[in-house]
2 protein chains.
Amino acid sequence: MAKVIVIYKKPTDEENFKNYYENEHIKLVQQVPYIQKADLDYVTAAMNTEESYYLAATIEFESKQRIGEALQSPEWAKVTEDAENMMKFLPEAPLVLITE
Amino acid sequence: MAKVIVIYKKPTDEENFKNYYENEHIKLVQQVPYIQKADLDYVTAAMNTEESYYLAATIEFESKQRIGEALQSPEWAKVTEDAENMMKFLPEAPLVLITE
């Protein structure tokens, strides 16, 4: 199993970010091929940091190879393009970790 | 569903960290009550950061309340105590996110 973990810090405009993410961005993510499972988890507490973390999105794939194929898909290109729309509501681009 | 997500940066002593984590620390985590699922995922790539991330541990619980109960358990106290042993191999304490 392999995952893409995306961690967002607290938005500068929380209401608009949440609304855009949950109603627009997530639809594009759902179109990406080879996704086995996707979780959206809001951060309620954090330790060992002074940063304000807000949201963790975890997307599971069968393998690292499948992640590679997914990241090269036209559907993922739309997700990346849409990420720019969300930057209006964010202090910085989210941390993206590819794991296996 | 609620999660504890623990993110480690690249150890100063990778071999000893990996060995200690996988052979010692993980056994203590497995004793913690109310865990529904636990994943250990090594970071193979990261975006939007200059830091070296290494490992993401995701522990799933039924609810935020169950996490609260787990974190107050004697078994979790042993996990926390053991975390000090791992600090010998780490540049800093791991980021811990509680989510729901």
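Chain A is the first sequence line, chain B the second, and so forth, proteins listed ahead of strands; every chain is numbered from 1. It should be emphasised that the depicted structure is a prediction, and the values quoted were computed from it without experimental measurement.
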[Y] side chain reached by [X] side chain, heavy atoms, under 4.5 Å:
X: A:Thr44; Y: B:Lys64; answer: yes
X: A:Leu95; Y: B:Tyr53; answer: yes
X: B:Ile7; Y: A:Leu97; answer: yes
X: A:Asp39; Y: B:Met1; answer: yes

According to a hydrophobic-cluster definition based on side-chain heavy atoms being under 4.5 Å apart (Ile, Leu, Val, Met, Phe, Trp, Tyr only), do [X] and [Y] belong together?
X: B:Phe17; Y: B:Leu40; value: yes
X: B:Val43; Y: B:Leu90; value: no
X: A:Leu71; Y: A:Met86; value: yes
X: B:Val4; Y: A:Val6; value: no
X: B:Leu55; Y: B:Val29; value: yes

Query - Distance-minimising heavy-atom pair for B:Ile5 and A:Ala56 - result: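 Closest heavy-atom pair between B:Ile5 and A:Ala56: CD1-CB, 3.9 Å.
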Query raised in the report: How far apart are the closest heavy atoms of B:Pro94 and A:Asn48, and which atoms are they?
Result: O-ND2, 2.7 Å
Report summary line: Which of A:Glu60, A:Glu100, A:Lys3 passes side chain to side chain contact (heavy atoms under 4.5 Å, CB included) with B:Asp41? It is A:Lys3
Requested in this report: Kindly determine whether A:Ile98 and B:Met47 satisfy side chain to side chain contact (heavy atoms under 4.5 Å, CB included), including the steps that lead there.
Outcome: CA-CA 9 Å; A:Ile98 314 286; B:Met47 298 170 216; 3.9 Å; yes
**Report entry** Neighbour count >12 (heavy atoms, 6.0 Å) for atom CD, A:Glu22
**Finding:** yes
Query raised in the report: Got more than 12 heavy atoms from elsewhere within 6.0 Å of CD, A:Glu24?
Result: yes
Query raised in the report: Tell me, side chain or backbone of A:Tyr42 under 4.5 Å from chain B's heavy atoms, or both, or neither?
Result: both
